[in-house]
Number of protein chains: 2
Amino acid sequence: MATGRTHRPATRSRGIPEATVARLPLYLRALTALSERSVPTVSSEELAAAAGVNSAKLRKDFSYLGSYGTRGVGYDVEYLVYQISRELGLTQDWPIVMVGIGNLGAALANYGGFASRGFRVAALIDADPAMVGKPVAGIAVQFIDDLERIIDENGVSIGVIATPAGAAQQVCDRLVAAGVTSILNFAPTVLSVPDGVDVRKVDLSIELQILAFHEQRKAGEDNGAPADAGGPVAPPVAARTPVADPAAATTAAGAQGDGRNGPDGDMPAVMPA
Amino acid sequence: MATGRTHRPATRSRGIPEATVARLPLYLRALTALSERSVPTVSSEELAAAAGVNSAKLRKDFSYLGSYGTRGVGYDVEYLVYQISRELGLTQDWPIVMVGIGNLGAALANYGGFASRGFRVAALIDADPAMVGKPVAGIAVQFIDDLERIIDENGVSIGVIATPAGAAQQVCDRLVAAGVTSILNFAPTVLSVPDGVDVRKVDLSIELQILAFHEQRKAGEDNGAPADAGGPVAPPVAARTPVADPAAATTAAGAQGDGRNGPDGDMPAVMPA
DNA sequence: CCGTGTGAAGAACTTCACAGCC
DNA sequence: GGCTGTGAAGTTCTTCACACGG
């Protein structure tokens, strides 16, 4: 019976569960909408519906923050907006840098959701000299050589990577070396970072694959076609599967032609410096 | 546990844990990279490192799929690629429609990760007449009035919503009515759908907010001093409740980390330089 | 030996249901 | 009465550790 867990002793004193933290932005968004409509208070039931969760979960989540509700009444919208904002750290200004201003990077830069939540795009950075100086979302793109200086001068601690997969790790390393300690990664690669640096990733194709899994299962149910277009998923033409053959005894399978360089190429790029 | 055929042991054909499903695309990506390098086999340890999870978890995950490994040796890369692809439903062709071809929609349409995984963009749809006919990622944008026809003719069951928040629910309703049963939602809104329809959402700003939460904690650990740039915007609403929690030191470890960050530093660099 | 595959222990998260307070 | 806040029960996910087979 080894009782010795030498890994991270449970300090469960004041920690907010990760699952709860992940839902706070959801509550915040719903509350902001209510606030804009000048709704003074909400019940857990109403707010839960607006946020797309169930009320017991919401009450439990809020209980980790403190007792901000009033029994028999509900929660004060404004007060809760403030408390959650504070808890999430959104009452301060977070300058961020975005590296890789291709299609996706540009879309992100134009996305209003950042600015409206306490995030400020301090710089857009790309490795393509042709991009440098071009305004994207009203901000001139800067060259990647200046990355360290930019981070330093702006006190940036959060970086967004929207480069092609091949460049992501290098960019990540430079960000971390320059002092960034939180990274949001849109490149389809696993980044390795030292302890103390947080990485969150958003992989567009992964979400679709998860949907496909469930979709396939629906089609395979004993009964199908709840509506119309269901059926056996009819794949009329082509459907050249990108995967290997079942039996495929051959381990050979040398690089199947395929001039691709990397699983997903797109976006102009930040290439090795 | 009968050691017999590895084909669908009755007990679990019905239940691959959701958490496992969510990781299968990760494994698939890592395996595809290995496959392109003609690596014949991998151990759970190596593959886990490449996918950014720990090996026990990976073995457990694979055990739900069946016994596809060889004790003392590891897993056959090609075979696993096929098995996972099949399990995820990627061995078939999934036509998808994307609604809302703005900045983000265009970026998604150009994203190579979809096409390379069995997904085929059957149509790009927008409500702006000015967009109609314009080619995006080589496909002419179609008008939203044709949505139902397009879905029907192409047997589409998966839709992607990249419209502004205000339009998302309406688009969603039309998609569902037309037969779509899986939706990937990029609009910052909670969609309500009937039973039987799956919705997954990707909210860019939520991820940043989660990072900010952890970032704030880091800053608060050492110094009592406020992080850096920008002073606290704190517009106090009501009395500040002493729910503080300086100690923290949560077990969070949040994000992608599984605790283990390659002690060896560099992991197989997947990408050719 | 090796590394897979897996019961079992443990941790995290969700849901229940009701006490407590307005 | 109505609704919050929360112990406790229930569920899902993760980690451990070792038997098993190549």
Side-chain angles (χ1 to χ4, degrees), chain A residues 1-13 15-24 26-27 40-49 51-77 79-80 83, chain B residues 1-6 9 11-12 14-24 26-27 40-49 51-77 79-80 83 241 243 250-260:
Chain A
M1 323 294 252
T3 325
R5 275 161 304 203
T6 45
H7 221 340
R8 187 106 48 173
T11 313
R12 59 177 146 96
S13 7
I16 297 178
E18 195 49 37
T20 294
V21 172
R23 280 187 295 268
L24 292 181
L26 237 50
Y27 301 143
T41 60
V42 264
S43 66
S44 62
E45 203 69 57
E46 297 165 327
L47 183 53
V53 304
N54 78 48
S55 63
K57 196 185 289 183
L58 178 144
R59 288 200 302 279
K60 187 61 125 184
D61 284 342
F62 285 0
S63 78
Y64 293 117
L65 307 184
S67 294
Y68 295 149
T70 306
R71 293 170 199 241
V73 178
Y75 301 91
D76 180 278
V77 173
Y79 186 57
L80 205 44
Q83 290 300 343
Chain B
M1 265 308 139
T3 12
R5 298 305 165 190
T6 49
T11 26
R12 62 95 185 89
R14 218 42 152 76
I16 297 179
E18 197 49 37
T20 294
V21 172
R23 281 187 295 266
L24 292 181
L26 238 50
Y27 301 144
T41 60
V42 263
S43 66
S44 62
E45 202 69 57
E46 296 165 327
L47 183 53
V53 304
N54 76 49
S55 63
K57 196 185 288 182
L58 179 144
R59 286 201 303 279
K60 188 60 130 183
D61 284 342
F62 285 0
S63 77
Y64 293 117
L65 306 183
S67 295
Y68 295 150
T70 305
R71 292 171 198 241
V73 178
Y75 301 91
D76 180 278
V77 173
Y79 187 57
L80 246 195
Q83 290 299 344
T241 325
V243 67
T250 74
T251 52
Q256 153 190 309
D258 48 353
R260 243 186 110 49

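The figures that follow rest on heavy atoms only: side chains count, while hydrogens, waters and symmetry mates do not. Quick note on labels: first sequence line is chain A, next is B, and so on, each numbered from 1.
- Taking the nucleotide of DNA chain D with the nearest heavy atom to each of A:A56 and A:V73, the more 5' of the two is matched to A:V73.
- Using a 4.0 Å cut-off, some side-chain N or O of A:Y75 falls inside it from OP1 or OP2 of D:dG5.
- Between the P atom of D:dT14 and the CD atom of B:E18 lies a distance of 11 Å, rounded to the nearest Å.
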What's the verdict on side chain to side chain contact (heavy atoms under 4.5 Å, CB included) for A:F62 and A:L80, showing C-alpha distance, side-chain angles and the deciding distance? CA-CA 9 Å; A:F62 285 0; A:L80 205 44; 3.3 Å; yes
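- Summarising the geometry, the separation between NZ on A:K57 and P on D:dT6 is reported as 19 Å, rounded to the nearest angstrom.
- Distances shown here put every side-chain N or O of B:N54 at or beyond 4.0 Å from the OP1 or OP2 atom of D:dT14.
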Check against side chain to side chain contact (heavy atoms under 4.5 Å, CB included), A:D61 and A:V53: CA-CA 11 Å; A:D61 284 342; A:V53 304; 6.0 Å; no
Please walk me through it: do B:Y68 and B:Y79 pass side chain to side chain contact (heavy atoms under 4.5 Å, CB included)? CA-CA 8 Å; B:Y68 295 150; B:Y79 187 57; 3.8 Å; yes
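- The interatomic distance linking A:F62 (CZ) with D:dT4 (P) rounds to 10 Å, in whole Å.
- Phosphate contact (OP1/OP2 of C:dT4, side-chain N/O of B:S44, threshold under 4.0 Å): present.
- Looking at B:T41 and B:T70, their side chains never come closer than 4.5 Å, going by heavy atoms from C-beta outward.
- Among the heavy atoms of the strands, none lies under 4.0 Å from A:E45.
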Trace of the side chain to side chain contact (heavy atoms under 4.5 Å, CB included) decision for A:Y75 with A:L58: CA-CA 12 Å; A:Y75 301 91; A:L58 178 144; 4.3 Å; yes
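- OP1 and OP2 of D:dC3 both lie 4.0 Å or more from every side-chain N or O belonging to A:Y68.
- A residue-by-residue look at A:T20 and B:S43 shows that B:S43 has its nearest nucleotide of DNA chain C further toward the 5' end.
- A donor and an acceptor atom never sit less than 3.5 Å apart when one is taken from the side chain of B:R71 and the other from the base of C:dC2.
- Straight-line distance from the CG atom of A:L80 to the P atom of D:dT4: 11 Å, rounded to whole Å.
- To the nearest angstrom, C1' of D:dT15 lies 14 Å from CG of B:L58.
- Residues A:G72 and A:K60 each lie close to DNA chain C; by heavy-atom proximity, the contact nearer the 5' end of the strand is made by A:K60.
- In terms of phosphate contacts, B:R59 brings no side-chain nitrogen or oxygen within less than 4.0 Å of OP1 or OP2 of D:dA17.
- Rounded to an integer number of Å, the gap from B:D61 CG to D:dT14 P is 7 Å.
- Rounded to an integer number of Å, the gap from A:L65 CG to D:dT4 P is 14 Å.
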